[in-house]
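Following: one structure in C-alpha cells, then a few remarks.
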Amino acid sequence: MVKKVLKFGGTSVGTIDRIRHVANIIKKEQLQGNKVIAIVSAMAGKTNELISLSNEISNEFNKREFDVLLSTGEQVTCALLSGALIKLNIKAKSFLNWQIPILTDGEHTNARIVNINVENINEYLGNNGVAIIPGFQGISKNLDITTIGRGGSDATAVAVAKIFNADTCEIYTDVDGVYSTDPNKIPVAKKIDKISYDEMLELSSLGAKVMQSSAVQTAMMYNIPLEVKSTFTERKGTKIFSQENIDYSKSVTGVAYSKDDAKITITGVKDRPGVAANIFEPLSKGQINVDMVIQNISSDLKTTDITFTVKRNDVLKTKKILKDYSKIEYKEIIHNEKVAKVSIVGAGMVSTPGVTYKMFRALSDEGINILAISTSEIKLSVIIEESNTLKAIKKLHTVFDLD
Ligand code: ADP
Ligand code: ASP
Ligand code: MG
C-alpha cells in the first residue's frame, strides 16, 4: 500500500464536471489500495475574484480579513470534491485548515507552514477514507487564518507529503508536465521528462508558474521527489528530483520570463566612494529587494548613472525612499515598468563555455537591446523591453536547441 499526496490546481477543479473527473482519478487510486490525501486549489479564477471583491471595499483591505476571505476559495473546492467522492461511494471527508490544524508562522498573505497534526487524518486514512485538504492556507498560533502566497497550494502539497511521510507527491495541473518554456505561449515548447530541483527552482523563481518556487525549495531541502502531470490526459509527466539522477546533454534546459520587474535609473549621481552604499542602504532598510545593478561612469568621470531593478509593485516605495533618505546628490530618478526579465536556465551551463555569448548574439540578431544582466551558475537573465518578450523567448528557444 502506497501513501499518495495528489494536488489538483485551479483549472483542474474549475467546473463541476472537472471536479467529478478529479473524483474519478482519486477513486481509481483508492481502488488500487492506495491511501490518498488530496490537496485542492480554489476553482480557476476564484481567488482573483475574491481579491477584486476586497478591492471594492478598500485598496488597503484589512490583512487578517483578506486571508479569511481568500481561504474560502479552497474550502469550497474541498466540500465539492468530498461530495463528489461520496456520490461515487468512496469514503471521503474535508479537513479544513483549523480542523487539522495546519500551523503557520509569519505575516498574513505570506505565511509559511511550520507543522501539521497528522493524527486524525492518519486514522481516517487507516479506515479507508480519502482526506481532502485545502491548499494555500493554515492557522497561526493566535488562531488567525493565514494564507501562504499565490500559487501556495503547491507548497501545501509538499509540506503535507513531508510531514505525512508520503511515498509520492503528484502535482496535477492543466499542462502535462514542465516544458522548456510556457507551452501556452510557445507551442514548440518541449516537455522535460526529468529536471533537477535546482533547475526547477530557478525556472519557477524566474517566472515558470507551473510550480511555485517555495514549494520546490522545500522539496529540495527535504529531498521529496515531485511529479508534475496532467489532470486531463494520461501522458507521462515530469519528474523533479535531485541532480545526480539526471544526464545533461544540453547546456540549457528551459527559458522563463516574468513581467514582475521594473528598472530604475538615478542619473547624474556625483561619483565618490560610498555612493552605492548610500543608495542601497535605505532600500535595504525599507525591505526593497534589488535584483540587477548597473553603473555607467560619465566621460568626465565626475557623475554616473546608476540603474537597478526592483519588483514592479515596489517602484513607488523605492522612489519615495530614495528621495527621502538617500544621502546622495543626483539629477533625477526615472523608472521604466515596461520591461521583462527573460532567463535561460540549465545545469549543463556550468560545463559549456560560450553560453553567455550565444545568448547575447541571439538577442542582438533580433535587434533586441539588453537593459540589464544578471547571472548565477545555472542561469542567465536579461532585462529587455516588454514588447520584445515573445520574440526573445522564441529565438532563445531555437538557438539553444529546445524547439
Ligand atoms: P495550477 O492551477 O494547476 O496550479 P498554474 O496555472 O499555476 O496551474 O500553472 C500551470 C501553468 O503554468 C500552465 O498552464 C502554463 O501556462 C504555465 N507555465 C509557465 N511556464 C511553464 C513551463 N515551463 N512548463 C509548463 N507550464 C508552464
Ligand atoms: N488559489 C490560490 C491562488 O490562486 C492558491 C493556488 O491556486 O495554488 O493563488
Ligand atoms: Mg499553480
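Start at 1 with the first residue, then count along the sequence. These figures come from a predicted structure and were not determined experimentally. Numbering of ligands and ligand atoms starts at 1, following listing order.
Residue contacts with ligand 2 do not include Gly10, since none of its heavy atoms lies under 4.0 Å from the ligand. The shortest heavy-atom distance from Gly151 to ligand 2 is under 4.0 Å.
Protein neighbours of ligand 1 below 4.0 Å, counting non-hydrogen atoms: Lys7, Gly9, Gly10, Thr173, Asp174, Val175, Gly177, Val178, Tyr179, Thr181, Asp182, Pro183, Asn184, Ala208, Lys209, Val210.
Between the side chains of Gln212 and Ser214, at least one donor-acceptor pair of N or O atoms lies under 3.5 Å. Defined by atom type and a distance below 3.5 Å, a donor-acceptor pair is present between the side-chain atoms of Thr168 and Glu170. A side-chain donor-acceptor contact under 3.5 Å links Asn122 and Lys3. Side-chain contact, Thr309 with Asp261: no donor N or O sits under 3.5 Å from an acceptor N or O.
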Could you list the donor-acceptor pairs under 3.5 angstrom formed by side chains in residues 340-349, with sequence neighbours left out?
from: Lys341; atom 1: NZ; to: Asp291; atom 2: OD2; distance (Å): 2.7
from: Ser343; atom 1: OG; to: Ser381; atom 2: OG; distance (Å): 2.8

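For ligand 2 and Ser41, the ligand atoms under 4.0 Å from any heavy atom of the residue are 6 (C), 7 (O), 8 (O). Short contacts between ligand 2 and Arg150, defined as distances under 4.0 Å to a heavy atom of the residue, involve ligand atoms 3 (C), 4 (O), 9 (O).
Residue-level proximity to ligand 2 for Gln212 is absent, since no heavy atom of it falls below 4.0 angstrom.
The nearest heavy-atom contact from the protein to atom 6 (C) of ligand 2 is Ser153 OG, 3.4 Å.
Under the 4.5 Å side-chain criterion, counting only non-hydrogen atoms from C-beta, Glu337 is in contact with Val315.
Not one N or O of Asp154 is nearer than 3.5 Å to an N or O of ligand 2, by distance alone. The distance criterion of under 3.5 Å between nitrogen or oxygen atoms is not met by Lys7 with respect to ligand 2.
Sorted by first and then second residue, the pairs that involve residues 85-113 and meet salt bridge (charged side-chain N to carboxylate O under 4.0 Å, His left out), not counting sequence neighbours, are Asp105-Arg112. Listed by first then second residue, pairs satisfying ring pair (Phe, Tyr, Trp, His ring centres under 6.0 Å) with a partner in residues 85-143 read Phe95-Tyr124, not counting sequence neighbours.
The pair Asp403-Lys190 does not count as a salt bridge, with every side-chain nitrogen at least 4.0 angstrom from each carboxylate oxygen. Between Glu29 and Lys4, at least one side-chain N (NZ, or NE/NH1/NH2) sits under 4.0 Å from a carboxylate O, which counts as a salt bridge.
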